[in-house]
Amino acid sequence: MKALITGANKGIGFAIATEMAKQGIEVFVGARSKDRGLAAVNELVSKGLKAHYVQIDLQDQASIELAASEIDDLDILVNNAGIPDSPKAGQPALQMDKAVEEYSNDDLRLTMEVNFLGTHAVINQFLPKMTTTGKIINLTVPIQPNEFWHPLAYMTSKAALNAMIMAYAWEFDAKHQQRQIFGVLPGAIATDLNGTTVGDLGGLVRSSEDAGKLITKLALDSVNHNGEIVQYDGKILSDYEAQLR
Ligand SMILES: NC(=O)c1ccc[n+]([C@@H]2O[C@H](COP(=O)([O-])OP(=O)(O)OC[C@H]3O[C@@H](n4cnc5c(N)ncnc54)[C@H](OP(=O)(O)O)[C@@H]3O)[C@@H](O)[C@H]2O)c1
């Protein structure tokens, strides 16, 4: 089996690549930086795992097209690469205390460009290169705001991603295809994205290895997840509209 994971040079993406390779899957480590991508591949290969580097920058259509031209018969595509906001020097990527009215259009535009348009371009280019039973797995976040969770750029870009998942899933069903596309809510995971450590938030924050195992399990099971948003605890949100009410 072959799997491509975008943004696999670190964090959850690297953990997914590691776990999938341990399960005998030939992994393609997507990364926008050649140095960071090759370092990740070398780490996997040094452990006896099968991995290749693929240059993919979600803001560079040409890189996505070139990557897709290099891979055939892909079984699993994990759209993992993502950002929570436009990067600001000296600040964590995800600013939990940023008020909704503090977001500029530039923040929204960049986050949408990577999380939604970039992911769309990857799906669009790789779908013809996937097997007829291929699975497309997308990392997503909760889109209902509350006192602690209201990152406008992150939520809105992932809400658009969730809607895209539903649209593709509908089409796979309508065309009686066996392909699947679904979202995964991994919960709070300790990575550079949020600057947390395992056990933070009263024990809520878990490791990227936990997320890697969850996503690999979903990639390899024989359940039809098409159109689902699967939460880390196994809860399935299959009615996207219900999430919005
Ligand atoms: N951590 C969490 O609690 C959590 C919870 C729910 C969902 N998620 C989702 O899980 C995914 C991975 O997040 P993470 O926590 O592992 O974050 P991370 O450690 O910051 O890793 C993000 C990855 O995405 C890559 N990336 C960013 N912009 C890119 C672009 N334009 N083109 C290609 N790659 C790009 C990064 O590459 P560079 O190293 O080059 O920057 C990095 O490899 C994201 O989609 C995130 O929304 C995370």
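Each ligand, and each atom within it, is numbered from 1 in the order the structure gives. Quick note: residue numbers are just sequence positions, from 1. Just so we're clear, the structure is a prediction, and the values are computed from it rather than from any experiment.
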Engineer: Quick check: do Val78 and Leu139 have side-chain heavy atoms less than 4.5 Å from each other?
Structural biologist: yes

Engineer: Taking side-chain hydrogen bond (donor to acceptor under 3.5 Å, both in side chains) as the cut-off, I'd like each qualifying pair that reaches into residues 120-130, sequence neighbours left out, listed once.
Structural biologist: Asp72-Lys129

Engineer: Tell me if the NZ atom of Lys47 is crowded by more than 12 foreign heavy atoms within 6.0 Å.
Structural biologist: yes

Engineer: Using only heavy-atom distances, determine whether the side chains of Asn162 and Thr140 contain a donor-acceptor pair under 3.5 Å.
Structural biologist: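 Yes, a side-chain donor-acceptor pair sits under 3.5 Å.
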
Engineer: Pick out the protein N or O atoms lying less than 3.5 Å from any N or O of ligand 1, and list each pair with its distance.
Structural biologist:
{"unit_1": "ligand 1", "atom_1": "1 (N)", "unit_2": "Ile189", "atom_2": "O", "d": "3.1"}
{"unit_1": "ligand 1", "atom_1": "1 (N)", "unit_2": "Thr191", "atom_2": "OG1", "d": "3.3"}
{"unit_1": "ligand 1", "atom_1": "3 (O)", "unit_2": "Ile189", "atom_2": "N", "d": "2.8"}
{"unit_1": "ligand 1", "atom_1": "3 (O)", "unit_2": "Ile189", "atom_2": "O", "d": "3.3"}
{"unit_1": "ligand 1", "atom_1": "3 (O)", "unit_2": "Asn194", "atom_2": "ND2", "d": "3.2"}
{"unit_1": "ligand 1", "atom_1": "15 (O)", "unit_2": "Thr191", "atom_2": "OG1", "d": "2.5"}
{"unit_1": "ligand 1", "atom_1": "16 (O)", "unit_2": "Ile12", "atom_2": "N", "d": "2.8"}
{"unit_1": "ligand 1", "atom_1": "31 (N)", "unit_2": "Asp57", "atom_2": "OD1", "d": "3.2"}
{"unit_1": "ligand 1", "atom_1": "32 (N)", "unit_2": "Asp57", "atom_2": "OD1", "d": "3.4"}
{"unit_1": "ligand 1", "atom_1": "32 (N)", "unit_2": "Leu58", "atom_2": "N", "d": "2.8"}
{"unit_1": "ligand 1", "atom_1": "39 (O)", "unit_2": "Asn9", "atom_2": "ND2", "d": "2.8"}
{"unit_1": "ligand 1", "atom_1": "39 (O)", "unit_2": "Arg36", "atom_2": "NE", "d": "3.4"}
{"unit_1": "ligand 1", "atom_1": "40 (O)", "unit_2": "Arg32", "atom_2": "NE", "d": "2.9"}
{"unit_1": "ligand 1", "atom_1": "40 (O)", "unit_2": "Arg36", "atom_2": "NE", "d": "3.3"}
{"unit_1": "ligand 1", "atom_1": "40 (O)", "unit_2": "Arg36", "atom_2": "NH2", "d": "2.8"}
{"unit_1": "ligand 1", "atom_1": "41 (O)", "unit_2": "Arg32", "atom_2": "NH2", "d": "2.7"}
{"unit_1": "ligand 1", "atom_1": "43 (O)", "unit_2": "Gly7", "atom_2": "O", "d": "3.1"}
{"unit_1": "ligand 1", "atom_1": "43 (O)", "unit_2": "Asn9", "atom_2": "OD1", "d": "2.7"}
{"unit_1": "ligand 1", "atom_1": "45 (O)", "unit_2": "Asn80", "atom_2": "O", "d": "2.7"}
{"unit_1": "ligand 1", "atom_1": "45 (O)", "unit_2": "Lys158", "atom_2": "NZ", "d": "2.9"}
{"unit_1": "ligand 1", "atom_1": "47 (O)", "unit_2": "Tyr154", "atom_2": "OH", "d": "2.6"}
{"unit_1": "ligand 1", "atom_1": "47 (O)", "unit_2": "Lys158", "atom_2": "NZ", "d": "3.1"}

Engineer: Show every salt bridge (Lys or Arg N to Asp or Glu O under 4.0 Å) that has at least one partner inside residues 12-26, sequence neighbours left out.
Structural biologist: none

Engineer: Other hydrophobic cluster members with Leu152, side-chain heavy atoms of Ile/Leu/Val/Met/Phe/Trp/Tyr under 4.5 Å, chained?
Structural biologist: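 Hydrophobic cluster check, Leu152: joined to Val100, Tyr103, Leu108.
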
